[in-house]
Amino acid sequence: MQKNSALKPKSLLLGITGGIAAYKAAELVRLLVKADIDVQVVMTAAACQFITPVTMQALSGKPVFMDMWDSSVGNGMPHIELSRNADAILVAPASADFLAKLVQGRADDLLSTLCLARDCPLLVAPAMNKQMWENPATQRNIAQLKADGISLLGPDSGEQACGEVGLGRMLEAEALFALVNAHFTPKLLAGKHVLITAGATLEMIDPVRAITNLSSGKMGYAIAQAAADMGAIVTLVSGASALNAPSNVTTIKAESADAMYNAVMSNILSQDIFISVAAVADYRPAVQHQDKIKKSTSSLTLELTANKDILAEVASLPNAPFCVGFAAETENLLAYAEAKRQAKKLPLIVANLASDAMGSDENSVTMLDKNGAHPLERAPKSTIAKLLLAHVASML
Ligand code: CTP
């Protein structure tokens with residue numbers, strides 16, 4: 001089994017300062033822990049007015065630190081010990097006051113002291129009222145934080161707890177989670193152009209009926225997100241899928257196999273990598289009825305016409321990008337997948353059982369290339385996506 005060597009577990013120190021957005025930090029910790037990121041929470045005294053350390057301890061699975069003089073830390077120096085163990089520090093929410101402290105390099109509580117003592121990247125997610133955000137003092141501080149190499153995540157614009165509408169509220173937990181993930185992902189595909197197809201195709205029979213399949217799009221969307229996190233310029237051609245478009249990805253909707261073919265072909269020339277994850281219908285109705293077919297006979301025969309094989313056509317282009325196929329099978333998994341790899345002339349194909357893959361958040365796959373089989377143990381699709389892309393990067 002290939003282990004997750006490309007994905008060393010990461011540890012994040014999450015600092016929480018005083019602001020109503022502190023409630024979003026609870027959801028953020030849940031998402032981080034679920035993604036196997038080790039989270040150590042540090043709270044300021046003001047943060048404890050908004051959310052309790054017990055909540056954060058329960059979600060992170062670790063005691064929360066608040067005090068400079070905490071005697072439970074081995075060397076008696078929590079500010080050094082905690083920042084030394086972190087791969088990154090995220091302060092979310094970061095209040096206007098805390099940002100000002102960072103600018104001045106003040107160290108009058110545990111969180112500000114360990115930020116000053118850090119030897120790792122610092123990310124801050126500002127959260128404040130719109131007037132506080134727009135105040136020239138805050139804007140001066142923001143400019144200085146950027147100049148100091150501190151990464152700003154947000155703020156977001158919208159309705160605020162104080163009733164104002166505007167810039168200043170903290171990004172949602174999901175958005176912060178995506179940005180932390182991107183921060184921790186090695187940039188193995190920096191500058192590469194990657195085109196991915198995902199989801200099911202929909203072949204209309206009449207205006208209300210279609211031939212489709214059970215693909216959810218989760219694997220293809222996870223690959224698109226992971227490729228963007230690895231620094232690639234990603235285009236996602238999506239068939240039918242209920243998923244939200246990944247961040248930092250150009251998403252083109254193309255629901256029929258024919259529309260998907262056109263979308264792929266008009267974008268393929270600039271691509272370095274093509275990953276064909278979509279479950280493309282092999283056939284479409286020979287006639288697409290303009291009006292709903294009425295029930296009139298005891299049986300109905302549909303004539304089907306073959307669709308183009310998008311992946312095979314891309315792989316046979318004169319300057320074809322590096323092509324990766326997927327094979328979802330119900331039997332003879334590796335033999336069928338390897339036969340497809342050779343028939344479509346692909347450097348790499350990913351074999352998975354339809355029962356393992358379709359609709360699930362997890363997958364269990366085997367990558368097949370000219371050197372043989374590389375199985376990946378069952379894992380969330382986001383993890384499979386990163387391991388697959390790390391393998392692609394190593395083959396380029
Ligand atoms: N594929 C494609 N266009 C098609 C059919 C398939 O691009 N019209 C791609 C899929 O995205 C996948 C690979 O080809 O990456 C294998 O698809 P699959 O349907 O399993 O293979 P087929 O060649 O159609 O074989 P079969 O349906 O007989 O198993």
Side-chain angles (χ1 to χ4, degrees), residues 7 9-66 82 86-96 98-99 111 121-129 133 151-163 165 167-185 218 221-222 225-226 228-229 242-248 361-362 379-383 385-386:
L7 312 171
K10 295 289 180 189
S11 71
L12 180 78
L13 191 146
L14 176 66
I16 305 176
T17 71
I20 183 61
Y23 79 91
K24 295 184 187 175
E27 174 66 2
L28 174 61
V29 171
R30 199 187 62 78
L31 293 169
L32 292 164
V33 168
K34 201 171 149 209
D36 279 340
I37 295 175
D38 176 76
V39 185
Q40 173 62 64
V41 177
V42 173
M43 295 172 72
T44 64
C48 300
Q49 297 290 329
F50 292 90
I51 190 162
T52 71
V54 176
T55 303
M56 304 314 293
Q57 175 171 358
L59 291 167
S60 66
K62 286 182 174 186
V64 171
F65 289 91
M66 290 155 286
L82 292 171
D87 293 307
I89 299 174
L90 166 65
V91 181
S95 64
F98 193 77
L99 297 178
L111 186 57
L122 174 59
L123 302 88
V124 294
M128 66 198 73
N129 147 283
W133 174 254
S151 303
L152 272 125
L153 312 185
D156 204 354
S157 182
E159 207 169 299
Q160 303 196 310
C162 56
V165 177
L167 210 57
R169 71 176 200 175
M170 189 169 88
L171 290 176
E172 294 302 325
E174 288 79 12
L176 287 176
F177 170 70
L179 291 167
V180 169
N181 236 337
H183 173 84
F184 280 146
T185 307
K218 286 178 184 171
Y221 276 55
Q225 186 62 70
D229 290 350
L243 301 174
N244 293 328
S247 48
N248 295 325
D361 289 335
E362 294 187 342
K381 286 183 173 170
S382 54
T383 304
K386 287 183 192 176

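Scope of the values below: all heavy atoms of this structure, side chains included, with no hydrogens, waters or symmetry mates.
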Chemist: Check side-chain contact (heavy atoms from CB on, under 4.5 Å) between N129 and all other residues, then give those that pass, not counting sequence neighbours.
Modeler: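 Q131, M132, Q160, C162, E164.
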Chemist: Can a donor-acceptor pair be found, under 3.5 Å and without considering hydrogens, that links the side chain of R169 to the backbone of M128?
Modeler: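 Not at all, since once roles are kept as given, no pair shorter than 3.5 Å links the two residues.
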Chemist: Find the distance between CG (L111) and CD1 (I89) and round it off to the nearest 0.5 Å.
Modeler: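 Result: 7.5 Å between the selected atoms.
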Chemist: Keeping the roles fixed (side chain from T185, backbone from N181), state whether a donor-acceptor pair exists under 3.5 Å.
Modeler: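 Pair found, side chain donor or acceptor close to backbone of N181.
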Chemist: Any side-chain hydrogen bond (donor to acceptor under 3.5 Å, both in side chains) involving residues 33-47? Give me the pairs, sequence neighbours left out, ordered by first then second residue.
Modeler: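 Qualifying pairs: D38-K62.
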Chemist: Looking only at non-hydrogen atoms, find the nearest pair between A88 and H183 and report the distance.
Modeler: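 It is CB-NE2, 3.9 Å.
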Chemist: Is D229 close to F184 at the side-chain level, that is, under 4.5 Å between some pair of heavy atoms?
Modeler: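 SC-SC contact between F184 and D229 ruled out.
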Chemist: Is there a side-chain contact between Q225 and S382, using heavy atoms and a 4.5 Å cut-off?
Modeler: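 No; the side chains remain at least 4.5 Å from each other.
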Chemist: Quick check: closest heavy atoms across M43 and I51, and the distance to 0.1 Å?
Modeler: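 Closest approach of M43 to I51, heavy atoms only: CE-O, 3.2 Å.
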Chemist: Could you check whether any side-chain N or O of D87 sits under 3.5 Å from a backbone N or O of S11, counting only pairs where one atom can act as donor and the other as acceptor?
Modeler: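 Checking the backbone N and O of S11 against the side chain of D87, a donor-acceptor pair under 3.5 Å is found.
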Chemist: Name the residue from L152, L167, D156, L153 that meets the side chain to side chain contact (heavy atoms under 4.5 Å, CB included) definition with P126.
Modeler: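 For P126, the side chain to side chain contact (heavy atoms under 4.5 Å, CB included) test succeeds with only one of L152, L167, D156, L153, which is L152.
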Chemist: Minimum heavy-atom separation for A94 to V124, with atom names?
Modeler: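 Scanning both residues, the minimum pair turns out to be CB-CB, 4.1 Å.
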Chemist: Please give me the minimum heavy-atom distance between A125 and L90, naming the atom from each residue.
Modeler: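 The answer is N-CD1, 4.4 Å.
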Chemist: Between P53 and V64, what is the shortest heavy-atom contact and its length?
Modeler: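 That closest heavy-atom pairing would be O-CG2, 3.5 Å.
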Chemist: Taking the side chain as C-beta and beyond, is there a heavy-atom pair between L171 and L179 under 4.5 Å?
Modeler: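 L171 vs L179: side chains touch.
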Chemist: Please output the side-chain donor-acceptor pairs of residues 13-32 that fall under 3.5 Å, not counting sequence neighbours, one pair per line with the distance.
Modeler:
from, atom 1, to, atom 2, distance (Å)
T17, OG1, P93, O, 2.6
T17, OG1, S95, N, 3.0
K24, NZ, M170, O, 2.7
K24, NZ, E172, OE2, 3.3
E27, OE1, R30, NE, 3.1
E27, OE2, R30, NH2, 3.0

Chemist: Using modelled atom types only, decide if a donor and an acceptor are shared between the side chain of T383 and the backbone of A379 within a distance under 3.5 Å.
Modeler: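 No; judged by distance alone, with no hydrogens or angles, the pair does not exist.
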Chemist: Less than 4.5 Å apart, any side-chain heavy atom of V91 and any of L123?
Modeler: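 With C-beta onward as the side chain, the pair stays apart.
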